[in-house]
S.K.: 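Dropping the structure in here first, questions after.
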Amino acid sequence: MPTRYVLIGSGLAGGLLAAYLGRRGYDVDLYERRADPREGNIVGGRSINLALSTRGIHALEQLGIADEVLRHAIPMRGRMIHDKSGDLHFAPYDRDPKNYINSIGRAALNTTVIEAAQRYPNVRVHFNHRCTDVDLGSATAHLLNTEADSNGSSRVAGVLATPKLGEAGPPAIAKHQVIKARADAVIGVDGAFSAVRQSMQKQLAEFEYDESYLPHGYKELTIPPAPDGGWQMEKEALHIWPRKSFMMIALPNPDGSFTCTLFWEFEGPRSFASTKTDDEVCDFFQQEFPDAVPLMATLLEDFRQNPTGSLVTIRCAPWYYKDKVALVGDAAHAVVPFYGQGMNAAFEDCVVLDECLAEFPDNRERAFAEYFVRRKENADALADLAVDNFIEMRDKTASKIFRAKKKLDHFLEGLLPGVYLPLYAMVTFTRIPYAQAARRARIQDWVVYTSLAAISAILILLTFWFVAR
Ligand code: FAD
């Protein structure tokens, strides 16, 4: 009998992991609380588009679906900085023009990975099933069928409707009953607010958990296509409006639009909380993003209607329980989005877990333990890098010193090929483990700054010497 896995969550990593496990011949049941995204449902609450880079592409390549995904991607070759006067500065991401990041639609990518999983007859996907709890000892997931009622309204999961007098008993009740899905192992791929992880917290005394929220939230806004269907700004760039304590960014979409994301303080004199009326929203945008306002035809509706999301970093340990349960992707390590690596890291988890299962085919607990050891340090390093990059994006990208440092980085990379690699390039365009990249960058910076200080000191001494002669 093949090993049976129950996966919870068919988001980006869930679909991909199901495909990896399906390819190994395992029996896989993937449960997702939402409806099938192919039925026009919004994947929900997260960014509309994402930056896909080397690690994520590698994970897709292993399954032969990278070309399918990249066919619809828009290359973003560098940062386009918008200053308050409307002046633009373009800074390429890498000295090699072949290195760029890709803007891709979340919904399309989600569909692609789910379909990749469904190509394996041993993988079954069940939408409208919300996991409420996992019994770790028996690897049993408790699920509620949350399918919309026949009249189209969706019931609150878990609440069994009591029929009113005179009404027929609800045949839909069966849909809302708790289902117990027992497997050899349950894998939580259910995102930052993972129910599987919550079960581990409840049932394991030694489980470590830490969550920290930024004081900033985010809101998505839109720049629609130009009347001719084209893009209203440079298409092949990630646009940034850095404003020191906050920023707006915009990524291109294939339909000619851009999705903008405003990252702004929740509270304070100028914040989401204090900006309520249309006039206040208009004033804020006119003051801070004057060049974007004429392009944002639906600014006020977007601002009013779109939710304000929070930005959380989650660290926990261990990511597994015996050979019964494991966590993958945001469920194990949610990071803030400023390095554009959350999904890429989640995809890399799938590759590493797959490798570990191949290395220890007869010892799943060892495979889970190895996967945790190989990934934990890197996920922690990425969490720190992502927070640091917020400061870089919202504040430093506007400065001339930052642009000079990027030029120096590219110069040194050309001068010392294979020896010097800028941190951004290591994280985004290689598969060097995140922790190793962070350590190497610290050493490189120390060597470069110490050398620059030494050269400056020598030049000053030589100047004095010539003057004194
Ligand atoms: P998710 O994609 O969140 O999927 C979890 C799935 O589990 C969902 O489908 C959910 O419905 C389901 N689920 C949840 N609970 C249950 C339950 N109880 N029962 C059943 N199903 C459940 N990353 C990048 O690499 N590049 C970027 O440019 C980027 N930009 C981002 C921008 C923003 C604003 C944000 C918030 C994140 C961004 N990320 C980016 C991060 C990226 O979105 C996540 O890292 C990625 O989605 C993680 O994938 P996942 O499958 O682990 O979780």
Side-chain angles (χ1 to χ4, degrees), residues 6-18 30-37 41-57 59 73 76 101-107 109-110 113-114 125-134 141-146 157-158 179 181 186-199 214 216-220 238 249 251 259-263 306-314 327-350 379 382-383 386 389 427-428:
V6 160
L7 267 52
I8 306 296
S10 77
L12 300 179
L16 193 78
L17 184 62
L30 173 57
Y31 292 95
E32 164 61 42
R33 71 175 171 188
R34 297 180 197 276
D36 189 335
N41 303 287
I42 298 160
V43 178
R46 314 291 293 279
S47 59
I48 288 167
N49 53 20
L50 305 116
L52 173 70
S53 51
T54 298
R55 294 166 204 267
I57 294 170
M76 296 184 289
I101 57 178
N102 300 276
S103 176
I104 45 157
R106 185 183 284 268
L109 178 60
N110 204 180
V113 291
I114 291 170
V125 186
H126 313 270
F127 294 102
N128 302 301
H129 282 76
R130 183 166 72 88
C131 174
T132 55
D133 189 24
V134 174
H142 298 191
L143 299 143
L144 282 167
N145 184 331
T146 57
I179 298 157
V186 175
I187 303 190
V189 214
D190 49 346
F193 303 99
S194 165
V196 180
R197 189 187 63 230
Q198 280 167 23
S199 297
L214 289 187
H216 297 71
Y218 71 92
K219 192 182 281 287
E220 291 200 331
L238 189 152
I249 65 169
L251 274 71
T259 302
C260 306
T261 312
L262 171 66
F263 296 97
N306 293 351
T308 308
S310 54
L311 297 162
V312 66
T313 301
I314 288 171
L327 299 173
V328 167
D330 276 16
H333 51 75
V335 299
V336 292
F338 304 108
Y339 232 111
Q341 284 294 311
M343 164 197 60
N344 288 285
F347 281 8
E348 203 170 46
D349 285 351
C350 299
L382 175 61
N389 214 42
V427 168
T428 311

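All ligand and atom numbering here is 1-based and tracks the order in the structure. Computed from heavy atoms alone, side chains included, the values below leave out hydrogens, waters and symmetry copies.
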S.K.: Near Arg130, which atoms of ligand 1 are under 4.0 Å from a heavy atom of that residue?
M.R.: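 That gives atoms 18 (N), 19 (N) of ligand 1.
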S.K.: Which ligand 1 atoms does Met343 reach within 4.0 Å, using its non-hydrogen atoms?
M.R.: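 Within the 4.0 Å cut-off of Met343, ligand 1 contributes 23 (N), 24 (C), 25 (O), 41 (C), 42 (C), 44 (C), 45 (O).
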S.K.: Give the intermediate values and the outcome of side chain to side chain contact (heavy atoms under 4.5 Å, CB included) for residues Val336 and Val312.
M.R.: CA-CA 6 Å; Val336 292; Val312 66; over 6 Å; no
S.K.: Between Asp349 and His333, is any side-chain donor less than 3.5 angstrom from a side-chain acceptor?
M.R.: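 Yes - a donor-acceptor pair under 3.5 Å links their side chains.
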S.K.: If you count the atoms of ligand 1 from 1 in the order shown, which ones are under 4.0 Å from a heavy atom of Ala195?
M.R.: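 Per the distance check, 18 (N).
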S.K.: Of the side chain and backbone of Tyr218, name the one, both, or neither that has a heavy atom under 4.0 Å from an atom of ligand 1.
M.R.: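 Side chain only.
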S.K.: Rounded to the nearest 0.5 Å, how far apart are CG of Leu52 and CD1 of Ile57?
M.R.: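 Interatomic distance, Leu52 CG to Ile57 CD1, rounded to 0.5 Å: 4.5 Å.
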S.K.: Within ligand 1, which atoms have a heavy atom of Gly11 less than 4.0 Å away?
M.R.: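 Taking each heavy atom of Gly11 in turn, ligand 1 has 4 (O), 6 (C), 9 (O), 51 (O) under 4.0 Å.
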S.K.: Return yes if some donor-acceptor pair links the side-chain N/O of Asn128 with the main-chain N/O of Glu32 below 3.5 Å, else return no.
M.R.: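 Judged by distance alone, no pair lies under 3.5 Å.
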S.K.: So is Asn49 polar-close to ligand 1, meaning N/O to N/O under 3.5 Å?
M.R.: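 No - when backbone and side-chain N and O of Asn49 are compared with those of ligand 1, no distance drops under 3.5 Å.
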S.K.: Considering both backbone and side-chain atoms of Arg33, is one of its nitrogen or oxygen atoms within less than 3.5 Å of a nitrogen or oxygen in ligand 1?
M.R.: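 Yes; at least one N/O pair falls below 3.5 Å.
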S.K.: May I ask you to check if ligand 1 and Leu50 share an N or O to N or O distance below 3.5 Å?
M.R.: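 There is no such contact.
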S.K.: With the threshold set at under 4.0 angstrom, would you say Thr261 reaches ligand 1 through any of its heavy atoms?
M.R.: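 It does not, in that no heavy atom of Thr261 comes within the 4.0 Å cut-off of ligand 1.
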S.K.: Please report the C-alpha distance between Cys260 and Ile249 in whole Å, then the side-chain angles of each, then the deciding distance to 0.1 Å, and finally whether the side chain to side chain contact (heavy atoms under 4.5 Å, CB included) criterion is met.
M.R.: CA-CA 5 Å; Cys260 306; Ile249 65 169; over 6 Å; no
S.K.: Looking only at atom types and distance, does a side-chain atom of Asn344 sit under 3.5 Å from a main-chain N or O of Gly56, one as donor and one as acceptor?
M.R.: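 Yes, Asn344 side chain to Gly56 backbone: donor-acceptor pair under 3.5 Å.
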S.K.: If the cut-off is 4.0 Å to any non-hydrogen atom of Ile8, which atoms of ligand 1 fall inside it?
M.R.: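 Listed by number with element: 19 (N), 20 (C).
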S.K.: Considering only heavy atoms of Gly329, which atoms of ligand 1 have at least one such atom less than 4.0 Å away?
M.R.: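 Near Gly329, the atoms of ligand 1 are 52 (O).
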S.K.: Mind checking whether Ala51 has an N or O less than 3.5 Å away from an N or O of ligand 1?
M.R.: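 Among all N and O atoms of Ala51, at least one is under 3.5 Å from an N or O of ligand 1.
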S.K.: When you measure from the side chain of Ser194 to the backbone N and O of Ala331, does any donor-acceptor pair fall under 3.5 Å?
M.R.: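 Not confirmed, Ser194 side chain does not pair with Ala331 backbone.
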S.K.: Using heavy atoms and a 4.0 Å limit, tell me yes or no: is His129 in contact with ligand 1?
M.R.: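 It does; at least one heavy atom falls under 4.0 Å.
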S.K.: Tell me the nearest of Thr259, Asp349, Val189, Leu12 to atom 49 (O) of ligand 1, using heavy-atom distances.
M.R.: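 Of the listed residues, Leu12 has the closest heavy atom.
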S.K.: Quick one: which of Gly309, Cys131, Ala192 has a heavy atom closest to atom 17 (C) of ligand 1?
M.R.: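 The nearest heavy atom belongs to Cys131.
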S.K.: Number the atoms of ligand 1 from 1 as they appear, then name those within less than 4.0 Å of a heavy atom of Gly342, with their elements.
M.R.: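 Listed by number with element: 23 (N), 24 (C), 25 (O), 41 (C), 45 (O).
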S.K.: Would you call the rings of Tyr218 and Phe263 parallel, tilted or perpendicular, where under 30° means parallel and over 60° means perpendicular?
M.R.: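 Rings of Tyr218 and Phe263: tilted, as their planes differ by 30° to 60°.
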S.K.: Could you grab the distance from atom CG of Leu17 to atom CG of Leu7, nearest 0.5 Å is fine?
M.R.: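 Going from CG on Leu17 over to CG on Leu7, the span is 5.0 Å.
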S.K.: Closer than 3.5 angstrom, by distance alone: can the side chain of Thr308 be matched with the main-chain N or O of Lys219 as a donor-acceptor pair?
M.R.: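 Answer holds: no.
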